[in-house]
Amino acid sequence: NRKIAYVVNLSQDITEKSGGSLELLKNNKPAKSITPQFNTLVFFKVIPERTYHQVTEILENKERYTISGWFNDK
């Protein structure tokens, strides 16, 4: 019943080089990469069996803090 996913980014000083980016996949390949920026909110539509995502490996000695969840249909 998930319709929308969200991620609140709470990490500071994260760059693309740091790793930890949210990747939205299409055909099992990254279609969009979002580098976490402090105090931002990311929403994306969830389509069952079609919406996939992953987080890239952390490459630097930095913490990645987020709050994530879903909005459900009933």
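Since this is a predicted model, take the numbers as computed values, not measurements.
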Subject >> Same apolar cluster (I L V M F W Y, side chains within < 4.5 Å links), Val7/Ile67 >> reply: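 No: no chain of side-chain contacts under 4.5 Å links Val7 to Ile67.
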**OP:** Kindly indicate whether the side chain of Glu23, heavy atoms from C-beta on, has any atom under 4.5 Å from the side chain of Lys32.
**Re:**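 When only atoms from C-beta onward are counted, Lys32 and Glu23 do not touch, as no gap falls below 4.5 Å.
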Original post:
In terms of hydrophobic clusters joined by side-chain contacts under 4.5 Å, are Val8 and Phe71 together?
Top reply: yes
Original post:
If you round to the nearest 0.5 Å, how far is OG1 of Thr51 from NZ of Lys3?
Top reply: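 Nearest 0.5 Å value for the NZ-OG1 distance: 10.5 Å.
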Subject >> Residue pair Arg2 / Ile4, side-chain heavy-atom distance below 4.5 Å >> reply: no
**OP:** Could you list all the ring-ring contact (aromatic ring centres under 6.0 Å, His included) pairs where at least one residue sits in residues 16-47, not counting sequence neighbours?
**Re:**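 Applying ring-ring contact (aromatic ring centres under 6.0 Å, His included) to every pair that reaches into residues 16-47, excluding sequence neighbours, yields Phe44-His53.
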**OP:** Determine whether Pro36 and Arg64 make a side-chain contact, defined as any pair of heavy atoms from C-beta on separated by less than 4.5 Å.
**Re:**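 SC-SC contact between Pro36 and Arg64 confirmed.
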Original post:
Once you round to the nearest 0.5 Å, how far does CG of Asn39 lie from OG of Ser11?
Top reply: 11.5 Å
Original post:
Under the 4.5 Å side-chain heavy-atom rule for ILVMFWY, direct or indirect, which residues accompany Tyr52?
Top reply: Leu25
Original post:
Do Asn9 and Thr66 get their side chains close enough for a donor-acceptor pair, meaning under 3.5 Å?
Top reply: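 On atom types as modelled, these side chains do not qualify, holding no pair under 3.5 Å.
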**OP:** To the nearest 0.5 Å, tell me how far Gln54 CD sits from Ser21 OG.
**Re:** 10.5 Å
**OP:** Kindly say whether Thr15 contributes a backbone atom to a donor-acceptor pair with the side chain of Thr35 at under 3.5 angstrom?
**Re:** no
**OP:** Measure the CD-CD distance between Gln12 and Glu63 for me, rounded to the nearest 0.5 Å.
**Re:** 13.0 Å
Original post:
Would a distance-only check, ignoring hydrogens and angles, find a side-chain to backbone donor-acceptor pair under 3.5 Å from Lys62 to Asp13?
Top reply: yes
Subject >> Spatial distance of atom OG (Ser68) from atom CG (Leu41) [nearest 0.5 Å] >> reply: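 Output value for this atom pair is 11.5 Å.
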Original post:
Given a cutoff of under 4.5 Å between side-chain heavy atoms of I, L, V, M, F, W and Y, with clusters grown through shared members, what are the other residues clustered with Ile14?
Top reply: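 Cluster partners of Ile14: none, it stands alone.
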Subject >> Derivation of the side-chain contact (heavy atoms from CB on, under 4.5 Å) call for Trp70 and Tyr6 >> reply: CA-CA 6 Å; Trp70 296 271; Tyr6 65 86; 5.7 Å; no
Subject >> Short side-chain to backbone donor-acceptor contact, Thr56 and Gly20, under 3.5 Å >> reply: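 Yes: the side chain of Thr56 pairs with the backbone of Gly20.
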